[in-house]
J.: 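Quick one: the structure is below, and I'll ask about it shortly.
Sequence positions, counted from 1, serve as the residue numbers for this chain. Both ligands and their constituent atoms are indexed starting at 1 by order of listing.
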Amino acid sequence: MSETMPDDVAIESVLNERREFPPPAGFSDAIGGAHISSIEQYREMYDRSIRDPDGFWGEIAGELDWFEPWSTVLQWESPDAKWFVGGTTNLCHNCVDRQVANGYGDQVAIIWEGEPVEGGSPEVRRLTYADLARETARFGNVLKSLGVRKGDIVTLYMGMVPELAIAMLACARIGAVHSVIFGGFSARAIADRVQDADSRIVVTCDGGWRRGAVVPLKDNVDAAAAMTDRVKTVVVLKRCGNEVAWTLDRDHWWHDLVGGVSDDCPCEAMDSEDMLFLLYTSGSTGKPKGILHTTGGYMVYTYLTSKYVFNLVPDRGQVYWCTADIGWVTGHSYIIYGILPNRVPTLMYEGAPNFPADDRFWDIVERHKVTQFYTAPTAIRAFMKWGNEHPRKHDLSSLKLLGTVGEPINPEAWMWYHREIGSERCPIVDTWWQTETGGQLIMPLPGVTVTVPGSCTLPFFGVDAAVVNDHGEQLPVNVGGLLVIRKPWPAMLRGIHGDRQRFIETYFARVPGMYLTGDGARRDERGYFWIMGRIDDVINVAGHRLGTMEVESALVSHPAVVEAAVVGMPHEIKGTGIAAFVTLEKGHDPGDELRKDLLKHVTTEIGAIARPDMIRFTDALPKTRSGKIMRRLLRDIAAGTDSDQDTTTLEDFSVMARLREADDG
Ligand code: WTA
């Protein structure tokens with residue numbers, strides 16, 4: 001190992017993944033024409049995008065509407081990027097009004113399906129671009145009448161209902177900044193975010209449907225409002241009809257406000273660098289950070305990634321479905337802002353994947369003839385566990401393309417997705433990106449890139465991704481290091497709300513002049529990227545550096561294992577040992593036999609250095625409501641220290657108690 005290697009991320013162990021999947025023949029015809037036809041074309045375009053970003057992005061931006069043209073494509077003074085400088089536009093205009101102006105007002109923009117299934121069929125709503133133009137104008141006027149001005153921050157704490165999309169677009173329409181808070185967050189979390197954003201107005205619902213029960217959204221807002229003095233106005237959409245408390249002069253029903261308002265509300269001319277939204281995300285400290293995104297660059301980048309990565313083509317019967325919640329960045333960029341400008345209907349589903357039964361998603365795919373399907377590895381692993389009979393009950397032949405996002409996908413889950421959902425005919429796009437990046441940065445292009453299970457493959461146009469050490473020097477093939485982006489891209493974050501110092505320290509200090517992703521990665525002989533997980537999830541075992549994700553992938557590739565989480569734990573001799581928490585397929589007995597078998601399996605997959613020192617079988621892993629495994633909690637359990645850690649985002653509290661009680665054999 002070279003001495004310039006970063007201290008905590010060097011790794012040379014390589015998962016033994018050799019399977020390659022060439023672009024399926026017939027993809028282009030099936031999807032209605034591929035935008036990019038060959039890997040040579042990708043390389044040519046990529047080279048140009050790096051050599052001449054101004055030319056490349058200038059042309060792409062010209063595919064959308066601008067009120068005033070920009071004078072300079074990019075101004076970059078690290079860490080500050082300005083894109084399409086001097087240009088003015090409006091994202092609601094490009095999502096909605098532009099489609100109406102071009103004669104597509106009658107086409108379906110959003111297909112929405114509610115969770116409850118009464119009398120055999122769920123509630124479905126189809127909103128056209130004309131509907132969205134009218135509704136966003138009305139709600140824009142409502143916001144104005146409540147005193148919201150350009151630049152004000154509007155908090156949205158709602159379920160997955162069309163009105164959430166309408167509220168976001170209405171904010172964009174009038175130049176207000178939205179801060180969406182995931183409906184699964186607690187009152188405390190709302191209060192913290194409202195306070196940090198200094199947001200005076202909250203839009204919510206009486207309740208939200210989740211597995212047949214009502215999530216009391218309005219009650220949570222009431223409780224949050226009691227914890228901070230900021231909330232002056234609350235708008236409440238009636239969704240579930242549950243009882244809610246009412247504060248006169250502060251609370252207003254959505255339907256009352258919208259009823260009497262004009263639908264004339266022109267789209268505000270926004271400077272390219274005017275704020276579009278704020279989205280809170282977790283960092284390495286306990287305090288969530290408000291990631292700041294602006295208008296022009298975000299618009300152009302999410303439009304183009306949506307177009308190429310999902311191969312969106314209007315007028316070809318495509319129906320695109322991203323299963324994320326809009327409370328996360330994936331929902332912002334790839335349910336709403338990137339998809340609508342491409343004029344392909346975007347499907348929004350309100351509820352849980354297993355309500356009323358484990359086949360709900362496949363039922364939706366079949367009924368709506370979904371063509372592109374985008375979900376998370378954690379969901380895929382759940383589907384695997386629930387059993388093949390659920391997808392097999394349904395006709396999934398409409399599917400043409402599959403995507404994943406959010407965490408490394410272990411090869412076994414990739415193979416299952418490929419086989420059981422894609423019938424081996426749908427390319428899989430494993431997209432790597434972050435809240436901070438605004439859009440997808442590393443991924444295969446469908447029908448173009450040879451895919452390898454577990455690798456997110458190659459960078460998107462304009463993305464100068466590299467694996468480097470602390471001095472910013474590029475590392476050799478298959479040597480793990482820091483994943484950085486060396487040049488600005490249009491959708492990059494512009495800051496952390498109210499914390500310039502944290503912005504600089506988190507992203508631009510460790511390797512000066514480059515954006516630090518916080519992920520470890522390696523690049524293989526093909527130039528493909530392999531994400532090794534967060535830098536803080538990389539552990540040093542007896543002087544060997546290991547990616548916890550790699551050990552997890554190895555475990556999950558064992559037929560008995562559904563899901564695994566690996567963390568470091570104090571170890572007398574090795575310094576850090578490896579603790580593994582494992583959930584099992586139905587019908588496998590936890591016990592010493594299996595434990596031994598797993599140790600052997602990991603040794604075969606990676607090497608003896610990756611053998612876990614402790615394996616604990618469990619029926620569930622502690623997860624955030626967005627499905628991420630909470631490794632910091634597992635580290636405490638593994639270390640045997642009592643946890644006083646913040647567990648407010650934990651999905652199921654009983655998991656922790658059961659984990660503490662389980663024995664290690
Ligand atoms: C991880 C979600 C491997 C990564 C869009 C990143 C991934 C963090 C992938 C961002 C992927 C996301 N392969 N890891 N395809 N996609 N990640 O901000 O660690 O919720 O830094 O954004 O998720 O999570 P965030």
Side-chain angles (χ1 to χ4, degrees), residues 9 15 17 180 182 184-185 278-284 288-293 301-302 305-306 309 322-335 337-338 374-381 402-411 413-414 417 428-444 449 451-460 463 465 467 480 482-485 491-493 496 506-507 515-523 528-538 547-550 552-553 623-631 649:
V9 289
L15 242 184
E17 183 54 61
V180 180
F182 173 57
F185 274 122
L278 200 59
L279 184 57
Y280 284 86
T281 188
S282 317
S284 44
K289 44 194 177 183
I291 302 299
L292 241 154
H293 283 288
Y301 193 82
T302 54
T305 44
S306 299
V309 177
C322 166
T323 69
D325 192 284
I326 288 181
W328 311 113
V329 73
T330 304
H332 283 59
S333 300
Y334 299 109
I335 294 179
Y337 289 125
Y374 191 33
T375 195
T378 188
I380 296 169
R381 291 191 298 263
L402 305 174
T404 77
V405 58
E407 51 177 319
I409 180 164
N410 41 288
W414 196 102
Y417 200 30
I428 295 180
V429 290
D430 175 356
T431 62
W432 177 88
W433 60 296
Q434 310 175 293
T435 305
E436 292 89 336
T437 69
Q440 305 154 336
L441 294 196
I442 308 180
M443 79 298 274
T449 313
T451 49
V452 181
S455 169
C456 54
T457 76
L458 296 167
F460 193 71
V463 175
V467 177
L482 308 170
L483 177 62
V484 295
I485 316 296
M492 74 189 289
L493 79 165
I496 293 176
T506 310
Y507 305 110
Y515 169 78
L516 183 76
T517 64
D519 278 2
R522 65 181 170 86
R523 234 180 152 165
Y528 283 13
F529 285 88
W530 294 77
I531 306 298
M532 291 156 50
R534 301 294 303 187
I535 294 168
D536 36 16
D537 289 330
V538 174
T548 51
M549 305 286 186
E550 284 188 299
E552 288 166 8
S553 271
K623 288 189 184 164
T624 64
R625 284 160 199 165
S626 65
K628 285 196 171 42
I629 294 167
M630 298 183 84
R631 290 190 170 70
T649 57

J.: For ligand 1, which atoms, with element, lie under 4.0 Å from some heavy atom of Pro408?
T.: 3 (C), 13 (N), 14 (N)
J.: Where's the contact between Cys456 and ligand 1, heavy-atom distance under 4.0 Å: side chain, backbone, both or neither?
T.: neither
J.: Are any non-hydrogen side-chain atoms of Tyr417 and Ile428 less than 4.5 angstrom apart?
T.: yes
J.: Quick test of your reading of the structure: of Gln440, His332, Glu407, whose heavy atom lies closest to atom 9 (C) of ligand 1?
T.: Glu407
J.: Polar contacts were defined as any N/O atom of the residue lying under 3.5 Å from an N/O atom of the ligand; does this apply to Thr281 and ligand 1?
T.: no
J.: Pick whichever of Ala376, Gly406, Gly439 has a heavy atom sitting closest to atom 17 (N) of ligand 1.
T.: Gly406
J.: Got Tyr374 and Thr323 here, is their nearest side-chain heavy-atom distance under 4.5 Å?
T.: no
J.: Quick check: Asp519 and ligand 1, any N/O pair under 3.5 Å apart?
T.: yes
J.: Sort out for me which residue in Thr330, Val309, Val405 forms a side-chain contact (heavy atoms from CB on, under 4.5 Å) with Gln440.
T.: Val309
J.: Return a yes/no value for Thr431: is any of its N or O atoms, backbone included, closer than 3.5 angstrom to an N or O of ligand 1?
T.: yes
J.: Can you tell which part of Thr330 has a heavy atom less than 4.0 Å from ligand 1: side chain, backbone, both or neither?
T.: side chain
J.: Say whether Trp328 and ligand 1 are in contact under the criterion: heavy-atom distance to a ligand atom below 4.0 Å.
T.: no
J.: Does any N or O of ligand 1 fall below 3.5 Å from an N or O anywhere on Glu436, backbone included?
T.: no
J.: Heavy-atom distance under 4.5 Å between the side chains of Leu279 and Trp328, does that happen here?
T.: no
J.: Are Ile380 and Trp414 side-chain neighbours, meaning at least one heavy-atom pair lies under 4.5 Å?
T.: no
J.: For the residue pair Thr457 and Ser455, confirm or rule out a side-chain donor-acceptor distance under 3.5 Å.
T.: no
J.: Tyr337: which residues meet the side-chain hydrogen bond (donor to acceptor under 3.5 Å, both in side chains) condition with it, sequence neighbours left out?
T.: His178
J.: side-chain contact (heavy atoms from CB on, under 4.5 Å) with Ile442: which of Thr437, Thr431, Asp430, Leu483?
T.: Leu483
J.: Checking contacts here: is it the side chain or the backbone of Met443 that comes within 4.0 Å of ligand 1, counting heavy atoms only? Could be both or neither.
T.: neither
